[in-house]
2 protein chains.
Amino acid sequence: MALEHAILVSLLEKPGSGYELSRRFERSIGYFWTATHQQIYRVLKRMEHDGWIDVRDVPQQGRPDKKEYSVAAPGRAALSEWLHEPVEPESVRHDLAVKIRGAAFDDPTALIREVERHRQAHADRLAHYLVGEQRDFTDPGGDAPLDAGQELQHVVLRGGIAYERMTIAWLDDVLATLHRLHPVP
Amino acid sequence: MALEHAILVSLLEKPGSGYELSRRFERSIGYFWTATHQQIYRVLKRMEHDGWIDVRDVPQQGRPDKKEYSVAAPGRAALSEWLHEPVEPESVRHDLAVKIRGAAFDDPTALIREVERHRQAHADRLAHYLVGEQRDFTDPGGDAPLDAGQELQHVVLRGGIAYERMTIAWLDDVLATLHRLHPVP
DNA sequence: CTTGCCTATGCAACGAGTTGCATAGCAAGA
DNA sequence: TCTTGCTATGCAACTCGTTGCATAGGCAAG
């Protein structure tokens with residue numbers, strides 16, 4: 001289980017509330033780990049109970065109060081322990097691949113539309129990543145070199161970019177194969 | 001939920017028992033969908049109850065009897081229905097990416113070993129895929145062209161190959177970044 | 001002949017993840 | 001003013017996935 005650890009990393013990068021975490025899980029962290037606000041609130045409660053994180057009530061004006069969490073010493077120790085033990089290669093779940101193999105037993109027209117839709121979604125995500133890379137990891141004037149944390153965030157983002165590019169090329173291959181098997185005039 | 005549909009596709013490609021399915025989920029299907037035998041037996045029971053699949057007791061010599069499942073008409077209809085409705089882009093879970101960002105708050109030496117271990121695992125899987133591609137999808141004499149089902153299995157396998165190549169290149173990038181941040185003499 | 005391994009199926013308990021719903025303050029616009 | 005939408009937190013019920021264990025027949029090696 002790594003949701004706890006993903007939260008610890010995110011809180012170390014910057015303390016925040018459950019709501020803010022759920023926003024981060026829709027963008028940067030969410031590129032490689034998804035979680036809903038339900039999961040996050042539940043896990044935060046458990047982590048607070050276990051002493052991994054500290055809470056601080058933050059009154060706000062113009063919006064509801066929030067609880068800001070930050071990592072406590074036991075949480076940092078737990079993260080360090082997890083970082084030192086091996087994780088197995090991730091288990092894969094690709095609905096689309098199941099569908100492609102299923103297309104042998106069905107009319108592939110609907111699948112072509114579906115693959116095109118996915119291709120578009122991945123192209124959008126790639127564009128989004130590239131904007132973020134340009135914004136956060138380009139050194140405009142040559143001053144202020146990136147620190148280690150930023151370098152590591154950048155290499156993870158480069159992984160996302162490589163993944164999207166690979167996926168788009170593969171989906172083009174899939175489309176070409178489907179059209180070859182099911183030519184339209 | 002798509003385990004049911006992955007099982008339907010696999011049983012359409014070839015009927016088989018729960019045990020045989022669990023073997024397939026360790027190889028071909030398992031490249032893009034993982035499942036343990038527990039899940040498979042449970043889902044098979046439900047699918048049989050719902051009339052999606054038929055069972056046939058097959059006595060065997062030298063080994064325990066098995067129940068061979070095959071897809072019934074309602075199962076085929078359910079698969080077809082699922083193939084025609086859109087699926088959302090898959091949710092991602094990359095422990096290793098969490099660890100890489102976490103390395104900013106810890107000694108990265110252990111992470112380097114971990115990344116090298118993952119690189120080796122992906123290289124092994126790539127080699128395995130390439131052997132399978134050579135074995136199953138190379139037309140040796142020019143006769144017997146591949147049918148649609150094989151073409152689709154091949155394009156899914158090409159996706160796996162592209163994924164492993166991309167991942168290996170990215171892990172090299174990660175290793176270079178880690179060594180740059182933490183030079184060893 | 002005992003020990004370990006492979007085929008083959010399954011239960012029970014738990015933990016992780018999803019979905020629907022509820023509440024509550026404040027802001028902006030119809 | 002009423003609705004819509006955003007911030008902010010949470011409960012309850014359910015499904016999915018994992019882990020540990022159990023059974024049972026046959027095979028091969030020591």
Side-chain angles (χ1 to χ4, degrees), chain A residues 1-8 11 15-27 29-30 32-50 53 55-69 82 87-95 98, chain B residues 1-7 10-11 15-27 29-30 32-50 53 55-69 82 87-95 98:
Chain A
M1 179 9 209
L3 176 55
E4 300 159 344
H5 305 107
I7 289 176
L8 285 172
L11 288 180
S17 68
Y19 189 80
E20 284 163 354
L21 281 170
S22 74
R23 312 250 69 180
R24 292 184 208 171
F25 275 83
E26 285 170 7
R27 28 183 334 283
I29 309 278
F32 52 91
W33 202 274
T34 57
T36 63
H37 77 276
Q38 301 296 348
Q39 277 176 273
I40 292 167
Y41 283 121
R42 205 191 313 174
V43 172
L44 281 174
K45 194 150 281 186
R46 185 174 70 228
M47 290 167 78
E48 187 202 340
H49 176 265
D50 294 346
I53 52 179
V55 206
R56 195 168 63 91
D57 271 5
V58 178
Q60 298 185 113
Q61 51 219 33
R63 49 182 65 178
D65 299 353
K66 67 174 181 179
K67 301 182 182 176
E68 193 182 81
Y69 294 92
W82 177 72
V87 289
E88 315 84 82
E90 64 283 3
S91 58
V92 194
R93 299 279 153 92
H94 282 307
D95 300 77
V98 178
Chain B
M1 174 16 207
L3 176 54
E4 301 157 343
H5 305 107
I7 288 175
S10 190
L11 289 180
S17 69
Y19 189 79
E20 284 163 352
L21 281 169
S22 76
R23 313 251 69 180
R24 293 183 208 172
F25 274 83
E26 284 169 8
R27 23 183 339 283
I29 310 279
F32 53 90
W33 201 276
T34 57
T36 64
H37 77 277
Q38 301 296 350
Q39 277 176 272
I40 291 167
Y41 283 121
R42 206 191 312 176
V43 172
L44 280 174
K45 194 151 280 187
R46 186 173 69 228
M47 289 166 78
E48 187 201 339
H49 177 265
D50 294 347
I53 52 180
V55 206
R56 194 169 63 91
D57 272 6
V58 178
Q60 299 185 109
Q61 51 219 31
R63 49 182 65 179
D65 300 352
K66 67 175 180 179
K67 301 183 183 175
E68 192 180 81
Y69 293 93
W82 177 71
V87 288
E88 315 84 82
E90 65 282 3
S91 58
V92 193
R93 300 279 153 92
H94 283 306
D95 300 77
V98 177

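Here is how names work: the chains are called A, B, and so on, in the same order as the sequence lines, proteins then strands, and each is numbered from 1. This structure is a prediction, so every number in the text was calculated from the model and none was measured.
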A.B. asks: Could you list the residues that satisfy salt bridge (charged side-chain N to carboxylate O under 4.0 Å, His left out) with Lys67(A), not counting sequence neighbours?
C.D. replies: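 With sequence neighbours excluded, Lys67(A) shows a salt bridge (charged side-chain N to carboxylate O under 4.0 Å, His left out) to no residue whatsoever.
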A.B. asks: Measuring from Ser17(A):OG to Asp65(A):CG, what's the distance to the nearest 0.5 Å?
C.D. replies: 11.5 Å
A.B. asks: Are any non-hydrogen side-chain atoms of Ile7(A) and Phe25(A) less than 4.5 angstrom apart?
C.D. replies: yes
A.B. asks: Between dT18(D) atom P and Phe25(B) atom CZ, what is the distance in whole Å?
C.D. replies: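 My rounded result for the distance is 12 Å.
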A.B. asks: Heavy-atom nearest nucleotide on DNA chain D for Trp33(B) versus His37(B): which residue maps closer to 5'?
C.D. replies: Trp33(B)
A.B. asks: Identify whether any heavy atom of Ser17(A) sits under 4.0 Å from a base atom; if not, whether one sits that close to sugar-phosphate; answer base, sugar-phosphate or nothing.
C.D. replies: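 Sugar-phosphate, no base atom in range.
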A.B. asks: Between Leu3(A) and Lys45(B), name the one whose nearest nucleotide on DNA chain C is closer to the 5' end.
C.D. replies: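 The residue whose closest nucleotide sits nearer the 5' end is Lys45(B).
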A.B. asks: Assess whether a salt bridge exists between Glu48(A) and Lys45(A), defined as any Lys/Arg side-chain N lying under 4.0 Å from an Asp/Glu carboxylate O.
C.D. replies: no
A.B. asks: Should Trp33(B) and Val92(A) count as side-chain neighbours, where that means a heavy-atom distance under 4.5 Å?
C.D. replies: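 A side-chain contact is absent here, since even the closest heavy-atom pair is not under 4.5 Å.
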A.B. asks: Does Arg42(B) have a side-chain nitrogen or oxygen under 4.0 Å from the phosphate oxygens OP1 or OP2 of dT18(D)?
C.D. replies: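 No, outside the criterion.
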A.B. asks: Reading DNA chain C from 5' onward, which residue's closest nucleotide shows up sooner: Gln39(A) or Arg63(A)?
C.D. replies: Gln39(A)
A.B. asks: Under the side chain to side chain contact (heavy atoms under 4.5 Å, CB included) test, which residues partner Glu4(A), sequence neighbours left out?
C.D. replies: Met1(A), Val43(A), Arg46(A), Met47(A), Trp52(A)
A.B. asks: Could you work out which one of dG25(D), dT7(D), dT19(D) sits closest to the side chain of Gln38(B)?
C.D. replies: dT19(D)
A.B. asks: Students should find this one: the first and last nucleotides of DNA chain C, 5' to 3', lying under 4.0 Å from a heavy atom of chain B. What are they?
C.D. replies: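 On DNA chain C, the outermost contacted nucleotides are dT7(C) to dG17(C).
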A.B. asks: Take atom CD1 of Ile40(A) and atom P of dT7(D), then tell me their distance rounded to the nearest Å.
C.D. replies: 14 Å
A.B. asks: Tell me whether the OP1 or OP2 atom of dT7(D) has a side-chain N or O from Gln60(A) closer than 4.0 Å.
C.D. replies: no
